[in-house]
Amino acid sequence: MRRTVALLAALVAALALTVTRTGQLADPAGLIGWYAVCWALFAAAAWSLRRVPPKKAAVLVVAGGLAVGTVGLLEPPRTSTDSYRYAWDGRVQAAGISPYDHPPIAEELAGLRDDWLFTDGPICRTAYMSWLWGGGCTRINRPRVPTIYPPVSEAYFLAVHTLSPPGSRHKPLQVGGLLLATATTLLLVRQAGAKACLWAWCPAVPIEAVNNAHADVLAVFLAVAALALVARRRAAGGALLGGAVAAKFFPAVLLPGALSGVRRPRDAMAVLVPAALVVVLAYLPYVLASEASVFGYLGGYASEEGYSTGSDGRYGLVRLLVPDAWALPVVVLAMGAVAAYTIRKGDPARPWQGGLVVTGTAFLLLTPGYSWYALLLVALVALDGRWEWLGVAAAGAVAYVTGLGTIAYALAALGVLAGWAVRTSARTAPALAY
């Protein structure tokens with residue numbers, strides 16, 4: 001146990017140095033080096049936990065998770081500006097205006113601007129600031145387009161704004177991220193025991209869920225709760241999964257896992273109908289309150305990120321094997337095949353097992369360039385125990401910081417194949433031996 005505590009202390013120290021340094025635009029090589037140190041210490045700490053008795057291990061996972069997560073509070077967001085849009089959307093909603101109706105630069109919202117989110121002077125020449133046409137700049141990215149975030153996330157932004165003291169700026173969203181990450185840890189400890197350390201101590205959590213305060217952690221919390229429940233209570237699990245989808249669309253990839261082993265249509269409908277109903281009900285108030293589309297800039301964002309054309313590093317591994325024009329159809333067919341296999345052969349008692357395979361496969365096929373998307377994958381690894389999939393999450397960080405996404409995802413894919421081969425040859429259960 002002393003070794004684990006010592007490694008955790010070293011991990012906290014390394015994360016503190018990582019979070020308090022400059023972001024990836026100023027020194028990508030230096031930042032990725034510190035990421036590597038943090039991930040190595042994380043792996044060593046998780047491995048050392050094998051020898052700790054289960055009850056002590058559970059306490060250590062939660063306490064270590066709190067220590068690791070709290071590091072994210074040390075500085076304002078370092079590598080992402082998304083939380084500034086969250087703060088703005090919460091402020092707009094508190095004023096009784098739909099966040100989907102106007103971009104931040106709209107004159108209709110001029111009265112909501114302050115010198116934190118909208119400023120001028122020398123700070124405008126620093127990284128991560130967006131210039132405005134009329135002079136000055138804003139911390140909000142893409143200020144000329146409406147928001148893209150789904151309704152459950154928007155409700156969360158409003159709740160955080162409402163509960164925040166005046167002038168608290170970025171900190172409430174970071175604290176909210178820490179609370180949601182800790183709540184997810186508690187769910188995982190109850191469901192998976194000591195394997196929960198694979199979430200609680202993972203460097204992606206303090207960096208992306210807490211420091212950058214990404215709303216993905218809200219979707220992860222709801223998704224973990226859904227998968228833990230759906231095997232016993234399909235309707236309740238489906239409803240929670242619908243909430244996760246209405247927080248961030250990506251958890252929809254968990255539907256095949258939630259339907260693992262389902263043979264009868266009525267059993268499938270017991271999951272799908274509540275999930276769809278929650279999404280519809282979550283959107284309904286915003287549909288009624290909005291003059292513009294409640295999908296905001298979502299379509300433009302997908303195109304901008306290269307998902308419609310396969311540019312900007314998307315479908316990188318697939319494009320190594322087939323012509324670019326074939327990439328998207330191949331991805332769709334491959335995802336369909338993996339989803340169908342999961343529904344047909346998946347273990348209904350362990351829906352997260354199929355969910356991990358489908359989600360991990362989606363990452364390898366899509367090769368996304370944003371590291372915070374992988375928070376969902378990290379939580380699924382903690383549920384299931386197949387640690388080799390963590391390489392895919394680490395590849396997302398490499399892609400975001402260095403732009404070497406295709407190489408990183410290729411190495412991660414080889415790691416997953418190696419892990420599968422070892423487990424198959426050894427004929428062992430797909431879980432860490434704690």
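Just so you know, these numbers use all the heavy atoms, side chains as well, and skip hydrogens, waters and symmetry mates.
No donor-acceptor distance shorter than 3.5 angstrom exists from the side chain of Arg423 to the backbone of Trp420, with no hydrogens or angles considered. Counting only distance, with no hydrogens or angles, the side chain of Thr185 and the backbone of Val62 share no donor-acceptor pair below 3.5 Å. At least one donor-acceptor pair under 3.5 Å links the side chain of Thr138 to the backbone N or O of Leu117. Under a 3.5 Å cut-off, the side chain of Thr367 and the backbone N or O of Gly316 do form a donor-acceptor pair. Within the 3.5 Å criterion, the main-chain N or O of Asn211 finds no donor-acceptor partner in the side chain of Arg78. Side chain of Asp101 to backbone of Glu291: a donor-acceptor contact under 3.5 angstrom is found. For the pair Arg85 (side chain) and Arg142 (backbone), a donor-acceptor distance under 3.5 Å is present. At least one donor-acceptor pair closer than 3.5 Å links the side chain of Ser48 to the backbone N or O of Ala45. When atom types are taken as modelled, the side chain of Arg263 and the backbone of Arg344 share a donor-acceptor pair closer than 3.5 angstrom. Remark: the backbone N or O of Ala228 is paired with a side-chain donor or acceptor of Arg232 at under 3.5 angstrom.
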Q. Hey, mind stepping through Asp82 and Asn212 against side-chain contact (heavy atoms from CB on, under 4.5 Å) and telling me if it holds?
A. CA-CA 7 Å; Asp82 285 357; Asn212 289 326; over 6 Å; no
Q | CA sep, side-chain torsions, deciding dist, call: Val230, Leu241, side-chain contact (heavy atoms from CB on, under 4.5 Å) | A | CA-CA 9 Å; Val230 73; Leu241 189 53; over 6 Å; no
Q. Where do Asn141 and Tyr128 land on the side-chain contact (heavy atoms from CB on, under 4.5 Å) test, with the steps shown first?
A. CA-CA 8 Å; Asn141 61 46; Tyr128 307 108; over 6 Å; no
(Q) Is there a side-chain contact (heavy atoms from CB on, under 4.5 Å) between Trp88 and Leu112? Walk through the geometry before answering. (A) CA-CA 9 Å; Trp88 176 253; Leu112 301 178; 3.7 Å; yes
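Using a 4.5 Å cut-off on side-chain heavy atoms (C-beta onward), Phe118 and Pro104 make contact. Looking at heavy atoms from C-beta onward, Thr79 lies out of side-chain contact with Val401 at the 4.5 angstrom threshold. When side chains are defined from C-beta on, Val358 does not count as touching Leu254, because their heavy atoms never get closer than 4.5 Å. A heavy-atom distance below 4.5 Å is not found between the side chains of Glu388 and Val422. The shortest side-chain heavy-atom distance between Tyr84 and Pro77 falls under the 4.5 Å cut-off. The shortest side-chain heavy-atom distance between Leu188 and Lys195 does not fall under the 4.5 Å cut-off. Taking 4.5 Å as the limit, every side-chain heavy atom of Pro203 sits out of range of all side-chain heavy atoms of Tyr35. Looking only at side-chain heavy atoms (C-beta outward), Leu356 and Leu383 stay at 4.5 Å or farther from each other.
If you check the side chains of Tyr286 and Gln93, you find a donor sitting under 3.5 Å from an acceptor. Side-chain contact check for Gln353 and Ser260: no donor-acceptor pair (N or O, by modelled atom type) lies under 3.5 Å. A donor and an acceptor atom, one from each side chain of Glu154 and Tyr100, are nowhere located under 3.5 Å apart.
For the atom pair NE2 of His214 and CH2 of Trp372, the computed distance is 4.0 Å after rounding to the nearest 0.5 Å. Here the CZ atom belonging to Arg234 is positioned 10.5 Å from the CG atom belonging to Leu272, to the nearest 0.5 angstrom. Separation of atoms CG (Leu218) and OH (Tyr86) is listed at 10.0 Å; rounding is to 0.5 Å. Between Ile140 atom CD1 and Thr81 atom OG1 the span is 9.0 Å, to the nearest 0.5 Å. The OG1 atom of Thr406 sits 8.5 Å away from the CZ atom of Arg314 when rounded to the nearest 0.5 Å. Separation of atoms CG (Leu227) and CG (Leu380) is listed at 6.5 Å; rounding is to 0.5 Å.
Closest approach of Val392 to Phe363, counting heavy atoms only: CG1-CB, 3.5 Å. Pro368 approaches Tyr409 most closely through the heavy-atom pair O-OH, 2.8 Å. Counting all heavy atoms, side chain and backbone alike, Arg264 lies closest to Val262 at O-CG1, 3.6 Å. Taking both residues in full, the closest heavy atoms of Ala412 and Gly391 are given as CB-O, 3.4 Å, listed atom of the first, atom of the second, then distance. Closest approach of Trp199 to Ala181, counting heavy atoms only: NE1-O, 3.2 Å. When every heavy atom of Trp116 is checked against every heavy atom of His170, the shortest pair comes out as CZ2-N, 3.5 Å.
Taking the six-membered ring for Trp and the full ring otherwise, the centers of Tyr373 and Tyr400 sit at least 6.0 Å from each other. Aromatic ring centres of Tyr283 and Phe295: separated by under 6.0 Å.
Within a 6.0 Å sphere centred on CZ of Arg190, other residues, nucleotides and ligands contribute 12 heavy atoms or fewer. Within 6.0 Å of the OH atom in Tyr301, the count of heavy atoms belonging to other residues, nucleotides or ligands exceeds 12.
Each of Asp216, Val217, Leu376 was compared with Lys248 under the side-chain contact (heavy atoms from CB on, under 4.5 Å) criterion, and only Asp216 meets it.
Under the 30°/60° scheme for interplanar angles, the aromatic rings of Tyr315 and Tyr307 are found to stand perpendicular. Using cut-offs of 30° and 60° on the angle between ring planes, the pair Trp39 and Phe42 is perpendicular.
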